[in-house]
Amino acid sequence: MFHTPSLSVELMFDAPEVSEMRMLQIHSDGFAFEAKRKALKNAEKVDSKSYSTKESCLVNFIAAETSDTKNIAQAAKMTAQMIAQAAEEVKEKKIIVYPWVHLSETPAQPGSALKLLKLVEKQLVKDGFDVLRIPFGWYKSFMIHCKGHPLAERSKVLDISKAVETDEEVTEGEDLTAIKAEEEAHSKFYIFTPDGVVTEVDKFDYTGHEELRLYVKYETAKDRTAQEPPPHIELMKNLELVDYEPGSDAGNFRWPPRGYTLKRAIEERVTREMVDYGAHVVQTPLIYDYEHPSLKSYLQRFPSRQYVVRSGQRDYFARFSACFGQFLLLSQATISYKQLPLKMFEIAPSFRREQSGELAGMRRPRAFTMPDIHEIVADVKMAKEAVNNQIQFVEKLMQELELNYEVSFRVLKEFYEENEDFVKGIVKRIGKPVMIEIFDERYAYFLFKGEWNVVDDQEKAACLGTIQIDVENAERFDIKYIGEDGQEKRPLILHTSPSGSIERILYGVLEQANKDKKKGIKPMLPLWMTPVQVRLLPVDDMLIQYAIELGKVLDRYGIRYEIDDRSMTLGKKIRSAEKLWVPYICVVGKREQETGELAVRIRRVKEQAKMTIEQLAEEISEKTDFAPKQQLLLPSLISRQPIFSREV
RNA sequence: GCCCCUGUAGCUCAGACCGGUUAGACCGCCUCCUUGGUAAGGAGGAAGCCGCGGGUUCAAAUCCCGCCAGGGGCUCCA
């Protein structure tokens with residue numbers, strides 16, 4: 001595609017990358033071996049440690065190369081073919097498969113090598129040969145008597161890079177259009193700055209834009225170096241926010257009350273913003289019919305990664321986004337041009353059956369909660385206006401999440417050329433350098449896509465908010481509006497997630513907190529979403545009642561608090577609150593009761609302050625006034641709370 | 001999905017390579033003492049299908065095979 005075939009082979013496969021399983025073949029009169037002792041800890045189990053025959057046989061010494069492990073089945077198949085061909089040439093029915101690692105300088109891992117040899121054996125047996133596979137992982141003695149004819153000793157190298165393509169596994173209902181299209185698309189990557197300057201990504205000076213550099217590196221080089229688990233995983237458990245659920249499928253999580261409080265706070269925040277934006281809020285089903293014509297065609301755009309739900313004799317798929325329900329609803333709605341732009345919003349679970357190896361904590365689960373807005377517009381002009389409007393709330397929400405983010409846009413070349421001013425206007429609005437990918441051919445349903453990404457501690461990037469101009473699905477789902485002239489018209493659709501999934505937001509804020517921690521800043525969750533905003537610590541049992549009275553004041557302000565009424569030392573209560581990153585920790589003792597002023601440990605400023613409960617409540621209210629009041633979803637007395645996964 | 005590593009008390013982790021008393025430790029939990037002033041007060045106690053299922057062995061947390069889960073790499077991320 002990009003290169004001539006011969007050139008591309010050279011570029012793609014450096015010498016050590018070529019798969020060259022090595023094999024030495026000896027046509028022998030008789031063969032014998034004896035397994036002496038294990039060479040590997042997990043050597044293959046053997047029924048008989050020795051074997052001897054006087055019969056003629058074709059002995060194949062085989063060393064699997066590292067490169068064979070890329071496609072063991074393919075390597076095995078070709079190896080078996082080579083052996084079968086050689087056997088037929090010398091008219092031999094008896095075949096010995098002998099593992100001999102010393103033929104290779106870069107051998108495969110034992111497990112892969114054994115797997116390969118077993119597959120070779122299986123194939124040859126299937127082809128009707130009498131096969132003996134010599135046990136793997138032992139030091140062995142052997143005897144061989146080479147026949148000495150011209151074809152009796154040969155060495156071979158398997159070159160898997162020359163393999164013909166075999167049938168790709170295709171699941172029913174799947175076609176590879178999207179993948180193929182993406183492979184064929186050409187893309188160029190640039191950095192756009194707010195002043196309108198365009199620079200190729202590798203020529204841009206990233207000084208002062210370290211995270212942008214990391215993001216670009218991730219997107220273009222796909223460089224992965226992480227060894228450690230992502231830090232947010234330990235944090236989410238210790239803060240008792242989310243945890244794995246062993247009783248469910250991989251990638252499905254449970255939310256104890258603290259985490260659920262945070263989750264709901266975010267959901268409510270995003271929903272309010274969408275209602276303010278003028279959205280119609282809906283709820284649509286979680287499962288959909290594979291056979292529905294529009295859905296069938298939509299599914300064919302993507303590899304099948306769905307959860308399948310059986311109902312009676314029929315299979316349904318769990319939705320992987322909110323698009324279906326909204327499109328189906330819109331397709332039956334009577335929409336006038338007077339109602340455009342029409343905004344539909346939904347926040348609900350979605351399911352993507354990601355490959356097991358792709359799952360990673362909250363960065364990539366299989367079940368997640370996605371806020372999704374679709375904005376129906378008449379034409380490209382209106383779409384561009386909508387993008388400009390949407391950018392405002394996406395930027396606002398991203399800033400409220402208090403995390404560093406990098407913005408990128410992916411634009412069809414043709415669209416870019418016609419709308420250069422629009423794109424540059426957006427970058428100006430973003431106010432910092434952004435990465436822009438310009439692609440030649442449309443490989444998905446969008447011709448324009450904005451992404452708000454975070455870069456984590458492992459230097460991996462993940463997309464949160466996104467805005468896309470969809471030019472395909474209005475037609476696919478037969479969504480139309482009635483124009484001024486009374487005629488049905490086909491609209492464009494903006495697909496937007498204002499914030500990204502709630503799970504990924506949590507991933508983002510925890511990774512951000514971890515980055516802060518490494519810089520010596522106390523890690524925190526944004527005040528408006530943190531489950532517990534205030535902890536009241538009565539110094540002794542006599543003061544619990546007073547703390548409860550103080551709590552009632554906080555209730556009036558809609559502030560989430562706990563009272564540590566456990567029988568432990570003050571030092572321990574403070575430690576417990578600090579471990580949970582509680583932003584305001586108030587000691588409630590006789591002094592406070594007498595003066596009416598609390599001693600407040602303020603996490604953000606690492607200092608104590610004296611203030612009344614009303615002053616504290618005012619301060620928190622003021623800092624969180626943009627967010628709906630979310631209740632704490634567990635009893636405020638800590639003595640009444642079980643421990644789900646927190647430490648103290 | 002493939003490859004590598006890991007899975008022991010609620011948590012974090014010893015023990016495993018080299019099979020053999022009653023599987024340990026910190027934190028947490030429970031009981032008692034202590035009623036405390038800004039990141040761990042003291043004493044005692046309970047708590048384990050050693051991930052699951054097979055196998056080898058007189059004997060398995062330990063060795064072998066399979067499966068599941070978590071992490072990393074590849075691929076992928078609509």
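Just so you know, these numbers use all the heavy atoms, side chains as well, and skip hydrogens, waters and symmetry mates. Every chain is numbered from 1, with letters handed out A, B, ... down the list of sequences.
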inquiry  = When both hydrogen-bonding distances must be under 3.5 Å and the geometry is Watson-Crick or G-U wobble, what is rG45(B) paired with, if anything?
reply    = rC29(B)
remark   = Testing rA39(B), rU12(B), rA78(B) for proximity to the side chain of K237(A), the answer is rU12(B)
request  = Could you walk me through whether E375(A) and T496(A) pass side chain to side chain donor-acceptor pair (under 3.5 Å), step by step?
outcome  = CA-CA 8 Å; E375(A) 184 164 344; T496(A) 298; over 6 Å; no
query = Yes or no on side chain to side chain donor-acceptor pair (under 3.5 Å) for Y218(A) and N453(A), after CA distance, side-chain angles and deciding distance?
reply = CA-CA 11 Å; Y218(A) 181 82; N453(A) 307 277; over 6 Å; no
task = Scan K573(A) against the nucleic acid and name what it touches under 4.0 Å (heavy atoms): base, sugar-phosphate only, or nothing.
result = nothing
task = Would you kindly compare A461(A) and A599(A) by the position of their nearest RNA chain B nucleotide and give the one closer to the 5′ end?
result = A599(A)
ask   = Is it the case that D249(A) and Y307(A) place a side-chain donor and acceptor less than 3.5 Å from each other?
value = yes
ask   = Checking R363(A) side chain against G508(A) main chain: does a donor-acceptor pair fall under 3.5 Å?
value = no
Pairwise C1' distance, rC33(B) and rG72(B) [rounded to whole Å] = 49 Å
request  = Check every atom of rG37(B), rC77(B), rA78(B) against the side chain of L570(A) and return the nucleotide holding the closest atom.
outcome  = rG37(B)
query = Does atom NZ of K518(A) have more than 12 heavy-atom neighbours from other groups under 6.0 Å away?
reply = no
message = Taking the C1' atom in each of rA9(B) and rC30(B), what is the distance between them to the nearest angstrom?
response = 15 Å
message = I'd like the C1' distance from rC68(B) over to rC52(B), given in whole Å.
response = 7 Å
query = So Y445(A) and Y298(A), would you call those rings parallel, tilted or perpendicular, with 30° and 60° as cut-offs?
reply = tilted
ask   = Using atom C1' of each nucleotide, how far apart are rG24(B) and rU8(B) to the nearest Å?
value = 10 Å
task = Check every atom of rG72(B), rA39(B), rG36(B) against the side chain of K460(A) and return the nucleotide holding the closest atom.
result = rG72(B)
task = Just call it for G571(A): base, sugar-phosphate, or nothing, with non-hydrogen atoms closer than 4.0 Å on any strand.
result = sugar-phosphate
C1' atoms of rG53(B) and rA14(B), separation to the nearest Å = 27 Å
ask   = Would you say the side-chain atoms of E592(A) and Y546(A) include a donor-acceptor pair closer than 3.5 Å?
value = no
What nitrogen or oxygen pairs link the protein and nucleotides 45-51 of chain B at under 3.5 Å?
none

query = RNA chain B: S567(A) or R352(A), which has the more 5' nearest nucleotide?
reply = S567(A)
key: Opposite nucleotide pairing with rC58(B), Watson-Crick or G-U, both atom distances under 3.5 Å   = rG20(B)
query = In terms of heavy-atom contacts, does CD of E475(A) have more than 12 from other residues, nucleotides or ligands at under 6.0 Å?
reply = no
remark   = If pairing means Watson-Crick or G-U wobble with both distances under 3.5 Å, then the partner of rC74(B) is rG1(B)
query = With both distances kept under 3.5 Å, what pairs with rG7(B), Watson-Crick or G-U wobble?
reply = rC68(B)
query = Do any side-chain nitrogens or oxygens of T569(A) fall under 4.0 Å of OP1 or OP2 in rG41(B)?
reply = yes
key: Sub-4.5 Å side-chain heavy-atom contact between F253(A) and M236(A)   = yes
ask   = With both distances under 3.5 angstrom, what nucleotide forms a Watson-Crick or G-U wobble pair with rU35(B)?
value = none
ask   = Could you give the CD-to-P distance, from E459(A) to rG73(B), as a whole number of Å?
value = 12 Å
ask   = To the side chain of R305(A), which of rG1(B), rA78(B), rC77(B) is closest?
value = rA78(B)
Kindly give the atom pairs (protein nitrogen or oxygen, nucleotide nitrogen or oxygen) under 3.5 Å for nucleotides 26-28 of chain B.
residue : atom : partner : partner atom : Å
rG28(B) : OP1  : K572(A) : NZ           : 2.9

ask   = Mind checking whether F317(A) and F324(A) have ring centres under 6.0 Å apart?
value = yes
request  = With P as the reference atom in both, quote the distance from rA59(B) to rU21(B) in angstrom, rounded to an integer.
outcome  = 14 Å
message = By the 4.0 Å heavy-atom rule, please label E592(A) as base, sugar-phosphate, or nothing.
response = base
Using a cutoff of under 3.5 Å, can you pull out all pairs of nitrogen or oxygen atoms linking the protein to nucleotides 67-71 of chain B, with atom names and distances?
residue : atom : partner : partner atom : Å
rG70(B) : O3'  : Y244(A) : OH           : 3.0
rG71(B) : OP1  : Y244(A) : OH           : 2.6
rG71(B) : OP1  : G361(A) : N            : 3.0

request  = Give a yes or no answer on whether the side chain of R442(A) reaches the backbone of A444(A) with a donor-acceptor pair at less than 3.5 Å.
outcome  = yes
message = Do T369(A) and I347(A) make a side-chain contact, defined as non-hydrogen atoms from C-beta onward lying under 4.5 Å apart?
response = yes
note = When rounded to whole Å, the CZ to C1' distance for the pair R504(A) and rA78(B) reads 13 Å
ask   = Which heavy atom in R366(A) sits nearest to a heavy atom in Q355(A), and how many Å separate them?
value = NH2-C, 4.0 Å
